[in-house]
Amino acid sequence: MARRHDPDRRRRIIDAAIRVVGAKGIAGLSHRSVAAEADVPLGSTTYHFATLDELLVAALRQANEGFATVLTGLGDGDLATALARRLGEFLTADRARAELEYELYLAALRKPALRPVAAEWCEAVAAALGERVDAATARAVAAVVDGISLHVLLTEAAYDEPYARELLARVLGRP
């Protein structure tokens, strides 16, 4: 029997893992649940990802890529205003996606294999801001973005763009 060439299978498995985590949380993730979601044989998931941690690393990397787009194209205007607007779009346009990305990000607390990928997120934020602010300020902005995001996602509070803009302006050294 000829082997079927499926160059997108690995990506489909990662996408399925993200959907499973979104629907059932990380506790609901298994090779079997991902295989069913991706409509691939169970052996395909273990072929591409020997462990669930490897699959989570790939899913978190993909989620990081999604968040990186939040910080692209901020323009040359007021950085605090642009960041506050983009953060609001991220948190309100697809709240389920924002929750999923933070669930994957926070999984690094219990899964050491995810910590380097979580650190990559912080580095990506700093790199995206690196042309506009110094490295220390970029890290502070990343911490503020995390804090505001977690507050909104965990308390179900409404996103307050003027407050976020004011807080970001303070961190950026602008009154």
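Numbers for residues simply follow the sequence, beginning at 1.
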Where Val20 and Gly28 come nearest, the two heavy atoms and their spacing: CG1-O, 3.6 Å

How long is the gap from CG on Leu60 to CG on Leu55, to the nearest 0.5 Å? 11.5 Å

Applying salt bridge (charged side-chain N to carboxylate O under 4.0 Å, His left out) to Arg95 and not counting sequence neighbours gives Glu99

Minimum heavy-atom distance between Asp78 and Arg132, given as atom pair plus value: C-NH2, 4.3 Å

Check whether any side-chain heavy atom of Asp15 lies under 4.5 Å from a side-chain heavy atom of Gln62, and answer yes or no. yes

Exercise: identify the closest heavy-atom pair between Ala113 and Val57: O-CG2, 3.5 Å

From Ile26 CD1 over to Leu104 CG, what is the distance, rounded to the nearest 0.5 angstrom? 5.0 Å

Residues in side chain to side chain contact (heavy atoms under 4.5 Å, CB included) with Ala96, at least two apart? Asp94

Holding to side chain to side chain contact (heavy atoms under 4.5 Å, CB included), I want the full list of residues that pass it with Ala127, two or more places apart in sequence or in another chain. none

Tell me which pairs pass salt bridge (charged side-chain N to carboxylate O under 4.0 Å, His left out) where either residue lies in residues 114-125, with sequence neighbours left out. Arg61-Glu120

Taking all non-hydrogen atoms of both residues into account, name the closest pair between Leu153 and Ala98 and its distance. CD1-O, 3.9 Å

With a 4.5 Å cut-off on side-chain heavy atoms, are Val34 and Leu52 touching? no

Could you list the residues that satisfy ring-ring contact (aromatic ring centres under 6.0 Å, His included) with Tyr105, not counting sequence neighbours? Tyr102, Trp121

Judged by atom type as modelled, is there a donor-acceptor pair below 3.5 Å linking the side chain of Asp134 to the main-chain atoms of Thr137? yes

Check the pair Asp146 / Val125 against side chain to side chain contact (heavy atoms under 4.5 Å, CB included), numbers first and verdict last. CA-CA 11 Å; Asp146 266 346; Val125 170; over 6 Å; no

Hits for side chain to side chain contact (heavy atoms under 4.5 Å, CB included) against Ala158, two or more places apart or cross-chain, chain-then-number order -> none

Heavy-atom side-chain proximity of Leu150 to Leu106 below 4.5 angstrom: yes

Taking the side chain as every heavy atom from C-beta outward, state whether Val133 and Leu79 have any pair of such atoms under 4.5 Å apart. yes

Counterpart residues, side-chain hydrogen bond (donor to acceptor under 3.5 Å, both in side chains), relative to Glu54 (two or more places apart): none

Close side-chain approach of Val152 to Leu87, heavy-atom, < 4.5 Å: no

Contact summary for Gly22 and Leu100, nearest pair of heavy atoms: N-CD1, 3.5 Å

Any pair with a residue in residues 22-44 that passes side-chain hydrogen bond (donor to acceptor under 3.5 Å, both in side chains), sequence neighbours left out, goes on the list, sorted by first then second residue, please. Arg9-Ser44, Arg19-Glu37, Ser30-Ser33, His31-Thr45

Donor-acceptor contacts under 3.5 Å from residues 159-169 side chains, at least two apart:
| residue | atom | partner | partner atom | Å |
| --- | --- | --- | --- | --- |
| Tyr159 | OH | Ala84 | O | 2.6 |
| Asp160 | OD1 | Tyr163 | N | 3.2 |
| Glu166 | OE2 | Arg170 | NH2 | 2.6 |

